[in-house]
Q: 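Let me begin by handing over the structure; questions about it come next.
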Amino acid sequence: MLNKLSVIAGKSSEDLARRLSRKINATLVKSQVRVFADGESKITLNGDLSKRKTIVVQSIYPPIDTNLVQALSLISKAKEKSSEVIAVIPYMGYARQDREFLPGEIVTMKVLGKLFKGAGASKIIAVDIHSIIGLKHFTIKIKNVTAIPDLVKYFKKLSLKNPLVVSPDQGGKYRAKEFAKEFGSECIALEKKRDGKTGKVQIKTRNTDEVIGRDLILVDDMISTGGSIIKATQFLKKQKCKKVYVTCTHALLINNAEKKIKKAGVTSVVSTNTIPGKTSIVDISNTIAKAIV
Ligand code: R5P
């Protein structure tokens, strides 16, 4: 066993874990995963762990439950060897289930709070968790870091025409405001309505003159099916804006969402590497490293 810090690279976050281990000068321990025919994960660690502190990096994106069980298993193994285990969960799946929206709904975030503690984590680091209500379900320390400064840095390099930051809904207003403040532009938030049962999205804003002839940056925490961004883009294009750029921390992009978003008229989608993929061009390992040391 080692005295130096160790970073376990969960299968869903191999590249991010490697970058992070370099930044905090820790030993990288890779995990080997074999998924059985019935869906069970068999995990083997390749290397020794620190006696002092181990950082497990595993994002919980689809297959969500598989990646969650793998995260818990890695934390549990790390706790057998290290006195302190920090779980870095770059994308916290289930974070949208942070309250009982309709009677009888289970608040799965509360269950996750118990599971991470039970597995042996003493601290969690998440990135732009869907809502801060989710943080209340954890009884261990949880630090929510933001990728907004990293995303802004990217957009500052582009030459945009009279840019305006837009939130696709009122729930994301503060996030968009933070982006706009850092970016140095104005900001507006649309009114979005999602049907609680079907999940269908509608933009309720009637019209807005502020967008005419301007390049827009649509800012959201995550893109799943792309429904919210597509509806917002279609509305903004009708209002005669110029280009529409989309940025988010977590790009799940389920069912060809990127293609559908582009078809709606979006120039480009820029996300971070909390979820690896084609649009994940902004690296947030530095931001996570700062939260660890
Ligand atoms: C909702 O409140 C979130 O911030 C996102 O706007 C939403 O989860 C994105 O989902 P989709 O891409 O399926 O519309």
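Indexing begins at 1, ligand by ligand and atom by atom, following the structure's order.
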Q: Distance-only criterion, 3.5 Å: show the donor-acceptor pairs between side-chain atoms of residues 131-138 and protein atoms not counting sequence neighbours.
A:
from, atom 1, to, atom 2, distance (Å)
Ser131, OG, Asp98, OD2, 2.3
Ser131, OG, Ile133, N, 3.3
His137, NE2, Asp98, O, 2.9

Q: Considering both backbone and side-chain atoms of Arg175, is one of its nitrogen or oxygen atoms within less than 3.5 Å of a nitrogen or oxygen in ligand 1?
A: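 Among all N and O atoms of Arg175, none is under 3.5 Å from an N or O of ligand 1.
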Q: If you measure from the Lys or Arg side-chain nitrogens to the Asp or Glu carboxylate oxygens, is any gap between Asp220 and Lys192 under 4.0 Å?
A: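 Result for this pair is no, no salt bridge flagged.
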Q: Check for a donor-acceptor pair, side chain of Gln97 on one end and backbone N or O of Tyr94 on the other, with a separation under 3.5 Å.
A: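 Not at all, since once roles are kept as given, no pair shorter than 3.5 Å links the two residues.
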Q: Is the closest side-chain donor-acceptor distance between Thr279 and Ser271 under 3.5 Å?
A: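 Yes, Ser271 and Thr279 have a side-chain donor paired with an acceptor closer than 3.5 Å.
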Q: Decide whether Lys23 and Ser285 meet the rule of one side-chain donor and one side-chain acceptor closer than 3.5 Å.
A: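 Per modelled atom types, Lys23 and Ser285 side chains form a pair under 3.5 Å.
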Q: Which residue and atom name correspond to the protein heavy atom nearest atom 10 (O) of ligand 1, and how close is it?
A: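 Checking every protein heavy atom, the shortest distance to atom 10 (O) of ligand 1 gives Arg194 NH2, 3.5 Å.
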Q: Heavy atom under 4.0 Å from ligand 1: found in Lys192's side chain, backbone, both, or neither?
A: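 Lys192 to ligand 1: side-chain contact only, backbone stays beyond 4.0 Å.
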Q: For atom 14 (O) of ligand 1, grab the closest protein heavy atom and report residue, atom and distance to one decimal in Å.
A: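 Checking every protein heavy atom, the shortest distance to atom 14 (O) of ligand 1 gives Ser228 OG, 2.6 Å.
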Q: Considering only protein heavy atoms, which is closest to atom 8 (O) of ligand 1, and at what distance to one decimal place?
A: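 Nearest protein contact, heavy atoms only, for atom 8 (O) of ligand 1 is Arg96 NH1, 3.0 Å.
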Q: For atom 1 (C) of ligand 1, what is the nearest protein heavy atom, given as residue, atom name and distance?
A: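 Its nearest protein heavy-atom neighbour is His130 CE1, 3.6 Å.
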Q: Hey, does Gly226 sit under 4.0 Å from ligand 1 if you only count heavy atoms?
A: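 Yes; Gly226 lies near enough to ligand 1 that a heavy-atom distance drops under 4.0 Å.
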Q: For the backbone of Ala9 and the side chain of Ser31, can you confirm whether one donor and one acceptor N or O come within less than 3.5 Å of each other?
A: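 Present.
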Q: Would you call Leu68 and Leu112 a side-chain contact if the rule is heavy atoms closer than 4.5 Å?
A: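 Side chain of Leu68 against side chain of Leu112, heavy atoms only: contact under 4.5 Å found.
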Q: Sequence neighbours excluded, which residues qualify as ring-ring contact (aromatic ring centres under 6.0 Å, His included) partners of Tyr61?
A: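 Tyr61 satisfies ring-ring contact (aromatic ring centres under 6.0 Å, His included) with no other residue.
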Q: Quick one: look up the protein heavy atom nearest atom 9 (C) of ligand 1 and list residue, atom name and how far away it is.
A: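 The answer is Met222 O, 3.6 Å.
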Q: Do Lys42 and Glu40 have side chains that get closer than 4.5 Å, going by heavy atoms?
A: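 The answer is no; the side chains never approach within 4.5 Å.
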Q: Consider ligand 1: state whether an atom of it lies below 4.0 angstrom from any non-hydrogen atom of Asp221.
A: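 Asp221: in contact with ligand 1 (<4.0 Å).
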Q: When you measure from atom 13 (O) of ligand 1 to every protein heavy atom, which one gives the shortest distance, and what is it?
A: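 Ranked first by proximity to atom 13 (O) of ligand 1 is Thr225 OG1, 2.5 Å.
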Q: Nearest to atom 6 (O) of ligand 1, what protein heavy atom do you find, and at what distance?
A: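 For this ligand atom, the closest protein heavy atom is Asp220 OD2, 2.6 Å.
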Q: Would you mind running through ligand 1 and noting each atom that sits below 4.0 Å from a heavy atom of Gly227?
A: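 Heavy-atom distances to Gly227 below 4.0 Å select 11 (P), 12 (O), 14 (O).
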Q: What atoms of ligand 1 come within less than 4.0 Å of a heavy atom belonging to Ile223?
A: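 Once the distances to Ile223 are compared, the set is 12 (O).
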